[in-house]
Amino acid sequence: MTERSAGRRILFVTNTIPGEEIGATKRAAAHLQALCSLGDVDLVLIGGHDEASLPGDLRRQFGTVVVEPVREEAARWKAYGAMSGRLAKTKALLFDLFPPELHSLSDPEAEASAARLPACRYDVVFAFKIQAISWVHQVLASKAAPTIPVRIGDFDDLTSDYRAKLGAQAGHGSLMRLIDQVHVARIRRVERQVLKSWDLTIVCSETDSDRAMALGVAHREPLVVPNGVTMAPPCEPTGVWPADRPIRLLFIGLLNYKPNVDALHWLANDILPALDEQMPRPFVVDVVGRRDTGEVEGLCRQHPALNFLGEADSLQPVYESAAAAIVPLRLGSGTRLKILEAFQFGRAVISTHKGAEGLSVTDGEHILLADTAGKFAAAVRRIAEDDALRAALETAGRERLLALYTREAIVAEQVKALGSLMQKANAI
């Protein structure tokens, strides 16, 4: 790994606190690990957090921490929520409000934000996700902005693409479709500006890199930095599943994330009936995750095969009891840490192609892939009845993870790429 350059100063801007809780926080933690290997890092924390949100061990990794106040746009969204007239709400969505994914600043707000930055020379600014990227783009364009030679942004995935697909899937009427299109266009405008002018952009998969290049403005191909996991000992192999035990499947994910909620509705309404027809033995699906609004728990109450567990203190026990993990996603983008985590714990995975998007895996070798309810149920039955197949997938999945998706290997590659860019820009 590249040695830290004591003279290099890096500004890390994020609305996601690095940690090990969910996919975004884990990716932010990997970025922070790489940046701390390259120089001294200061933090700008946006999106309503405060410095007390940082655990002590995390706080010690930064020099200065700047907390951004709530912006005017947040107040406008709050006012929108209190509106009762449809015409007024429609006008606000079309003309007054930026999408919540963006950090929209007035000129005075941008200048005030620039003035709050520490009075020192930064060599690099690294922004994580579109909200932070949009903040940096506006602040560094203001009159009070410092000059920062190297600008790097990690889109993670292309938000405009995700929003467009989410809107199309929602089945909105013509007016809401128009509003969706306006918001997607505003997000895409920021993505285009950054792809055209920043020194480096990062995405989490080759698929998103292709989508970014298809926008036709990037002056260089985005760097693909896949998601990765910190390795831990696997669970015991499932072996021969006892005939008197129900097959236990595991769904795990953030339960207020729309693609996960959509996946669970598809599971309940289409896949479970197909499983009831195809499975010759009892089965149960454990549903594990944080931040449920009540929708997922309510859905599980309606279906005896869905066992709502909610937030788990440790993932090891829930994977230990599972025969396989399922990822019936139809929406979203990026790479699925839930698949990598299942590989880490040594469990076979059944997924849709959308769920496995961005991962270098082969159907039938590392994972089973199916995109219709009937085929998904058939794949679950194969896993349940074929102990040898399940064992082979458990081994191959973990080996794939070790070869391509460990946190340590990904951070090392990122340090190498970013260090080379900084050297070329004389940002030392």
> If you take all heavy atoms of Leu58 and Phe62, which pair is closest and at what distance?
Replying inline: O-CD1, 3.5 Å

> With a 3.5 Å cut-off and no angle check, do the side chains of His103 and Gln138 form a donor-acceptor pair?
Replying inline: no

> Within the distance-only criterion (no hydrogens, no angle test), does the side chain of Arg192 pair as donor or acceptor with the backbone N or O of Leu215 below 3.5 angstrom?
Replying inline: yes

> What's the shortest heavy-atom distance between Asp57 and Arg60, and which atoms?
Replying inline: CA-NH2, 3.2 Å

>> Determine whether Asp154 and Arg27 satisfy the following criterion, salt bridge (Lys or Arg N to Asp or Glu O under 4.0 Å), listing intermediate values before the conclusion.
In response: CA-CA 10 Å; Asp154 177 24; Arg27 188 169 177 86; 2.8 Å; yes

> Looking at CZ of Arg290 and CD of Glu21, how far apart are the two atoms once the value is rounded to the nearest 0.5 Å?
Replying inline: 4.5 Å

>> Run Lys129 and Asp156 through salt bridge (Lys or Arg N to Asp or Glu O under 4.0 Å) and show every step you take.
In response: CA-CA 6 Å; Lys129 294 187 79 72; Asp156 190 4; 3.0 Å; yes

> Atom OG of Ser205 and atom CG of Leu158: how far apart are they, to the nearest 0.5 Å?
Replying inline: 8.5 Å

>> Restricting to non-hydrogen atoms, name the atom on Glu394 and the atom on Gly346 that form the minimum distance, rounded to 0.1 Å.
In response: CG-O, 3.3 Å

> Does Gln131 use its side chain to pair, donor to acceptor, with the backbone of Asn15 at less than 3.5 Å?
Replying inline: no

> How far apart are the C-alpha atoms of His137 and Ser197, what are their side-chain angles, what is the distance that settles it, and do they pass the side-chain contact (heavy atoms from CB on, under 4.5 Å) test?
Replying inline: CA-CA 10 Å; His137 194 62; Ser197 62; 4.0 Å; yes

> Say you draw a straight line from CZ of Phe345 to CG of Leu401; how long is it, rounded to the nearest 0.5 Å?
Replying inline: 11.0 Å

> Quick one: CG on Leu249 to CD1 on Ile350, what's the gap to the nearest 0.5 Å?
Replying inline: 6.0 Å

> Quick one: does Trp241's side chain get under 4.5 Å of Arg390's, heavy atoms only?
Replying inline: yes

> Backbone N or O of Gln33 within a donor-acceptor pair of the Ser37 side chain at under 3.5 Å?
Replying inline: yes

> Could you state the interatomic distance from CG (Leu418) to CD1 (Ile202), rounded to the nearest 0.5 Å?
Replying inline: 5.5 Å

>> Under the criterion salt bridge (Lys or Arg N to Asp or Glu O under 4.0 Å), I'd like the reasoning laid out for Glu20 against Arg407: C-alpha separation, chi angles, the key distance, then a yes or no.
In response: CA-CA 12 Å; Glu20 297 301 322; Arg407 170 82 61 84; 3.2 Å; yes

> How far does CG of Leu255 sit from CG of Asp292, to the nearest 0.5 angstrom?
Replying inline: 5.5 Å

> Looking only at heavy atoms, which two atoms of Glu385 and Pro280 are closest? And how far apart?
Replying inline: OE2-CG, 3.2 Å

>> Looking at Lys165 and Asp161, is any side-chain nitrogen of the basic one under 4.0 Å from a carboxylate oxygen of the acidic one?
In response: yes

>> Using only atom types and a distance under 3.5 Å, with no angle test, would you say the side chain of Trp135 pairs donor to acceptor with the backbone of Gly47?
In response: no

> Quick check: does any side chain N or O of Arg281 sit under 3.5 Å from a backbone N or O of Arg245, one acting as donor and the other as acceptor?
Replying inline: yes

> So, the side chain of Ser134 versus the backbone of Ile130: is there a donor-acceptor pair under 3.5 Å, distance only?
Replying inline: yes

> Looking only at heavy atoms, which two atoms of Arg211 and Glu357 are closest? And how far apart?
Replying inline: NH2-OE2, 3.3 Å

>> Arg177 vs Asp180, test: salt bridge (Lys or Arg N to Asp or Glu O under 4.0 Å). Steps then yes/no.
In response: CA-CA 5 Å; Arg177 287 201 303 272; Asp180 285 338; over 6 Å; no

> Which atoms form the tightest heavy-atom contact between His31 and Phe128, and what is the distance?
Replying inline: CD2-CD1, 3.6 Å

> Checking side-chain hydrogen bond (donor to acceptor under 3.5 Å, both in side chains) for the pair Thr352/Arg330: CA distance, chi angles, key distance, verdict?
Replying inline: CA-CA 7 Å; Thr352 57; Arg330 301 185 295 180; over 6 Å; no

> If only atom types and distance count, is the side chain of Gln278 paired as donor or acceptor with the main-chain N or O of Gly374 below 3.5 Å?
Replying inline: yes

> Any donor and acceptor pair, going by atom type alone, linking the side chain of Asn260 with main-chain N or O of Leu254 inside 3.5 Å?
Replying inline: yes

>> Using modelled atom types and a 3.5 Å cut-off, is there a donor and acceptor pairing between side-chain atoms of Glu51 and backbone atoms of Val67?
In response: no

> Is the side chain of Ser53 donor-acceptor paired with the backbone N or O of Asp50 at a distance under 3.5 Å, no angle test?
Replying inline: yes

> Charged N to carboxylate O below 4.0 Å: is that the case for Arg9 and Asp40?
Replying inline: no

>> Run the side-chain hydrogen bond (donor to acceptor under 3.5 Å, both in side chains) test on Glu101 and Thr159 for me, step by step, so that the C-alpha distance in whole Å, both residues' side-chain angles and the decisive distance to 0.1 Å come before the verdict.
In response: CA-CA 8 Å; Glu101 292 88 350; Thr159 303; over 6 Å; no

